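Atoms within a ligand are numbered from 1 in the order they appear, just like the ligands themselves. Remember, it's a predicted structure, so these values are computed and weren't measured experimentally. Throughout, residue positions are numbered sequentially from 1 according to the sequence presented.
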Amino acid sequence: MKAAFIYTPDFAIYDYGAGHPMKTIRLKLCYDLLDSYHIFEEEGVQLVKPLPAKKEEVILFHSEDYINALELQDTDSSLLHRYGLGFGDNPRFKGVFEWSMLSTGASIQAARMVSSGEVGVAFNISGGLHHAMTEKASGFCYINDPAVAIMVLLKQGKRVAYIDIDAHHGDGVQFGFYNTDKVLTISLHESGEFLFPGTGSVEELGEGEGKGYSVNLPFYPGTGDDVFVWGFDEIVPPLIEAYKPDVIVTQLGVDTMASDPLAHLNLTTDGFCRMIERFRSFNIPWVALGGGGYNVSAVARSWALAFGIMCGIEIPDEIPVDCLNNLKQYGMEGTTLRDHERAINGDSTTRKWAEANVKYIKENVFPFYGI
Ligand SMILES: [Zn+2]
């Protein structure tokens, strides 16, 4: 499968501020890692520089007033409050508008390249900012690039399935398409009973024409590779096979990792990579986006492995020494690309929870698809 990696060093010039968990340096570390393995020199692999999104593209999903408030420096404080801008998780850091337009432009670029058939898969590691609502910044996200990319694909008449494996519920995307059957959204995440944003219950199924087209599989804290991937296998492949999308858009957040400081799941690169291999095996044009992930060296390693799988290239486990030294400055322990600690599989509660939720989906969602 031909593969594109959408990247510019400009991703890492933006800074959410000291103490904020979102570190754009993780994007550069991932690129550097792939570059150290010379992956961009492989046949069929393209490195593509993105352009910022245009305003007419982002307002396919967001309100124009909200985007203007994000752009302008002198926005009224009551409006900022209404739009969730400048508070807690969503500071108005220098270049916040440019950053958001650039990461969204990269997702649009990925969508266009995949949709045209130029490549089979395109990966924008700066994207996947799935919490932004049509009129509100939320959870480190200002412009919802997955939703904008989906709108671009819908305008081209494509049928889209969105699959989100971030530790957090993909709320902005789900609620953006909650009333339509034109987009199937599936989110696997740590239960909202224990983690931001609090939504994503298995009972959220969509409304009106969209009923049955929003699917949520929440997991109990502590869930590890085997249970998470088991749940994925029970739900995602049958729905994709039945829905028959023209394009899949995946949000590949890696805050599911055991080492992540924000969420409470226990995945390793092994479980994560098994899901990336499943996505590849669907053999459907594939827009791959990044997402959460707050242990920066784990993020760089996981997404490098993911891109290797997308390209069909087995990347050696030993990290080239220059790159390793750099990663060590960002807290990397160990010397290999893959995690080799024994997978932590959680207690029986994690499996019971997953089994109950999978059963609910099979009973309440699968009938919409005749499965
Ligand atoms: Zn997340």
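- With hydrogens and angles left out, the side-chain atoms of N124 and S107 include a donor and acceptor closer than 3.5 Å.
- Residues H169 and Q174 bring a donor and an acceptor atom of their side chains to less than 3.5 Å of each other.
- Distance check, rounded to the nearest 0.5 Å: CG of N144 to OG1 of T134 gives 9.5 Å.
- Counting only N and O atoms by type, the side chains of H189 and D166 include no donor and acceptor under 3.5 Å apart.
- Checking I150, V249, D164, V183 one by one against V173, the side-chain contact (heavy atoms from CB on, under 4.5 Å) holds for a single residue, I150.
- Looking at D339, D317, D32 one by one, the single match for salt bridge (charged side-chain N to carboxylate O under 4.0 Å, His left out) with R301 turns out to be D339.
- Among protein atoms, those of element N, O or S found less than 2.8 Å away from the Zn ion (ligand 1) are D166 OD1, H168 ND1, D255 OD2.
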